[in-house]
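Scroll down for the structure; my scribbles are underneath it.
Each chain gets a letter, A, B and so on, in the order the sequences are listed, and its residues count up from 1. Note that this is a predicted model, so its numbers are computed, not measured.
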2 protein chains.
Amino acid sequence: MFSIGEFSKITSLPVKTLRFYHEQGVLEPTHVDVQTGYRYYAANKIETARIITQLRKLDFPLGDIVDILRCREEEEEGEDGDILAYFERHLQSMQEKVRHYREIDRTLQQIIAEQREAQVAMKTTSYEVEEKAIDSMLIAAVRIKGRYSDCGQGFSRIGRQFGRYLCGKPFLLHHDAEYKEEDADFEACMPIRQGTSKNGIEVRELAGGRGMALLHQGPYDELGRSYEKLLAHLKEQAFEFVMPTREVYLKGPGMIFKGNPRKYLTEIQMLVKE
Amino acid sequence: MFSIGEFSKITSLPVKTLRFYHEQGVLEPTHVDVQTGYRYYAANKIETARIITQLRKLDFPLGDIVDILRCREEEEEGEDGDILAYFERHLQSMQEKVRHYREIDRTLQQIIAEQREAQVAMKTTSYEVEEKAIDSMLIAAVRIKGRYSDCGQGFSRIGRQFGRYLCGKPFLLHHDAEYKEEDADFEACMPIRQGTSKNGIEVRELAGGRGMALLHQGPYDELGRSYEKLLAHLKEQAFEFVMPTREVYLKGPGMIFKGNPRKYLTEIQMLVKE
DNA sequence: CGTACGGCCTCCAGTAGGTGGAGAGTCAAC
DNA sequence: GTTGACTCTCCACCTACTGGAGGCCGTACG
């Protein structure tokens, strides 16, 4: 018979925990001194303690452990208990947790990447028209005819469908030559690594080329000023641009923080004829 | 200004939770009536509530949320806070959890598979010598010279190293022609899907062939009887066997339950010359 | 005028699996 | 006999809520 301290050293379970297990009926001492209340454990309890430790490492709830231990005792007499059922049920819930935390993990990574890119863009930026080569890319696109404010629904549909294949910033393709409030014709697009058209989302290769780009910092309703600046520059240099034009949302309202509109960053890109 | 009930409907946070958030200083009402104690929330609190909900969905602790919200308020004045640090730290702990639960998941699957196979073996078994073709297989093996009781260490070393690539029951290869107590020469082996030799564990292809096998039910110290039976059978049929012989542990003491030794199942296999 | 109802309040308890501490009793050795 | 190590019980604390009791306030109905 071991005192609680000795038994604690043998099983490497804290004394407090042993007392708690006694209270919960998970691991009862072999004998309790009626006078002093001292707990004493026989050697065969070591095996029980080992089993409990193993099951706890697998995150079994104490209640289940009690049941499983009871099953085990019955099983000694021959019949194969339904311990397996406990394990299968538990496996289910563990897989559930894996899914849950993986989902969170994925979302966090996305948020962090977004935030970091935005910070970099914030620092290395000059707000002047610059020429840049625009690569062709695979995109998922939803064509919308209506108001620009409806573009959010397009993006979230793409996000739901292709969430894990996204590989760049969302952007709009404008198919209207002039600004339209009510009946605009545009596409909400996201670059993706792979995928095929489905559920009204078109996946296609978007051609690149020689482009002129201007970064716009500030709220979206001030984009007009930047368009003006970019168009003026193109006219000055005698470039002719091709439709559609692109509006890339480098930093906008995040999925958690709306942020300060004065800090939103948008790049206007136009491909030019060579 | 909304009463707590109205605000609850807007934010889909239970009234109880709103009161709790007030108490914790996460989401304070705009105004509290001094007479009645009634809480009243202004419209701008809806956004705060949304952020809290989002962060809670990502399993952020309330304490962190308080800090993050404070950061956000400071950030309105311009400086980019260290919110990112919170996200990164949280990402770490979420990845930790994914690893943790994946590990549990893997172990549970293994236990369940083991248990199930053992049950099947238990039912379909005849305890007579039978001829069976033994396929060649890739194995991880640790050679041990000493006592048979040391084989457990070999298995656990292999388990740690190749845990996720295991694809069959553990077995021993006996290199001694006769039984030795003290100075036995044997290998602890596990079939694996892939891998290369390292850390004193040899990975190699183990040849198959025509074999004779006998199932043994009961504790290991009674294996001698089954060896006797198998050898008698071989002599009777004028077979000549080749070394090493194999002892496959179909059901033994599990990693959780030691189980009843009377129910242990071991298959003795010997390859014969043709 | 009395009361039933809905909304709101505070305070207390409980969840899972322990951990930490206070204050008091017990054991074995010197 | 005393010291120091050991053990006991009881209570509080952790997270993020949830549930319930008992009570206040204003309004509608009989």
Side-chain angles (χ1 to χ4, degrees), chain A residues 1-41 49 51-69 86 89-90 93-94 96-97 100-101 104, chain B residues 1-41 49 51-69 90 93-94 96-97 100-101 104:
Chain A
M1 298 284 253
F2 305 105
S3 73
I4 199 169
E6 292 160 348
F7 196 67
S8 161
K9 272 167 204 142
I10 295 168
T11 58
S12 44
L13 286 167
V15 171
K16 284 272 185 190
T17 303
L18 288 172
R19 284 201 268 259
F20 178 68
Y21 284 172
H22 179 194
E23 189 188 320
Q24 299 293 312
V26 186
L27 178 58
E28 319 233 351
T30 312
H31 171 72
V32 179
D33 190 305
V34 190
Q35 302 304 318
T36 66
Y38 276 33
R39 295 165 178 86
Y40 294 99
Y41 297 83
I51 294 173
I52 294 170
T53 311
Q54 296 288 327
L55 293 175
R56 281 299 301 138
K57 266 191 205 151
L58 297 173
D59 263 24
F60 273 91
L62 282 184
D64 281 16
I65 294 180
V66 175
D67 294 352
I68 291 174
L69 287 174
Y86 283 97
R89 196 153 48 79
H90 191 57
S93 78
M94 291 299 107
E96 185 69 24
K97 292 211 183 219
H100 176 74
Y101 287 113
I104 290 178
Chain B
M1 299 283 251
F2 304 104
S3 73
I4 199 170
E6 292 161 348
F7 196 67
S8 161
K9 273 168 203 141
I10 294 168
T11 59
S12 43
L13 287 167
V15 171
K16 282 272 185 189
T17 303
L18 289 172
R19 285 202 268 258
F20 178 67
Y21 284 170
H22 178 193
E23 189 188 320
Q24 299 293 310
V26 186
L27 178 58
E28 319 232 352
T30 313
H31 171 72
V32 179
D33 189 306
V34 190
Q35 302 305 316
T36 65
Y38 277 33
R39 294 166 179 85
Y40 294 100
Y41 296 84
I51 293 174
I52 294 170
T53 311
Q54 296 287 329
L55 292 175
R56 282 298 303 139
K57 267 191 202 150
L58 296 173
D59 265 22
F60 273 92
L62 281 185
D64 282 15
I65 294 180
V66 175
D67 294 350
I68 291 173
L69 288 174
H90 191 59
S93 79
M94 290 299 107
E96 185 69 22
K97 291 211 183 221
H100 176 75
Y101 287 112
I104 289 177

Atom [atom1] of [X] and atom [atom2] of [N]: how far apart are they, to the nearest Å?
{"X": "B:His22", "N": "D:dC17", "atom1": "NE2", "atom2": "P", "value": "17 Å"}
{"X": "B:Gln24", "N": "D:dC13", "atom1": "CD", "atom2": "P", "value": "13 Å"}
{"X": "B:Gln35", "N": "C:dC8", "atom1": "CD", "atom2": "C1'", "value": "15 Å"}
{"X": "A:Lys9", "N": "D:dA5", "atom1": "NZ", "atom2": "P", "value": "12 Å"}
{"X": "B:Leu18", "N": "D:dT18", "atom1": "CG", "atom2": "P", "value": "11 Å"}
{"X": "A:Glu23", "N": "C:dG14", "atom1": "CD", "atom2": "C1'", "value": "14 Å"}
{"X": "B:Leu55", "N": "D:dC17", "atom1": "CG", "atom2": "P", "value": "12 Å"}
{"X": "B:Tyr38", "N": "D:dC25", "atom1": "OH", "atom2": "P", "value": "8 Å"}

- Query: Contact class for A:Arg19 vs. all strands (heavy atom < 4.0 Å): base, sugar-phosphate, or nothing?
  - Reply: base
Under 3.5 Å, which donor-acceptor pairs link side chains of residues 13-30 of chain A to any protein atom two or more places apart or in another chain?
| from | atom 1 | to | atom 2 | distance (Å) |
| --- | --- | --- | --- | --- |
| A:His22 | ND1 | A:Arg39 | NE | 2.9 |
| A:Thr30 | OG1 | A:Ala42 | N | 2.8 |

Please name the pair of heavy atoms, one in [X] and one in [Y], separated by the smallest distance, quoted to 0.1 Å.
{"X": "A:Leu69", "Y": "A:Ile52", "value": "CD1-CG1, 3.8 Å"}
{"X": "B:Asp59", "Y": "B:His90", "value": "O-CE1, 3.1 Å"}
{"X": "A:Ile65", "Y": "A:Arg56", "value": "CD1-CD, 3.6 Å"}

- With respect to the phosphate group of C:dG7, does any side-chain polar atom (N or O) of B:Ser3 fall under 4.0 Å of OP1 or OP2? no
- Might you work through the side-chain contact (heavy atoms from CB on, under 4.5 Å) test for B:Ile104 and A:Lys97, ending with a clear yes or no? CA-CA 11 Å; B:Ile104 289 177; A:Lys97 292 211 183 219; over 6 Å; no
Can you pull every protein N or O that's under 3.5 Å from an N or O on nucleotides 16-19 of chain C?
| from | atom 1 | to | atom 2 | distance (Å) |
| --- | --- | --- | --- | --- |
| C:dG17 | OP1 | A:Leu62 | N | 3.3 |
| C:dG17 | OP2 | A:Leu62 | N | 3.3 |
| C:dG18 | OP2 | A:Tyr21 | OH | 2.9 |
| C:dG18 | OP2 | A:Arg56 | NE | 2.9 |
| C:dT19 | OP2 | A:Thr17 | OG1 | 2.7 |

- Of all residues at least two apart in sequence or in a different chain, which pass the ring-ring contact (aromatic ring centres under 6.0 Å, His included) check with A:Phe2? none
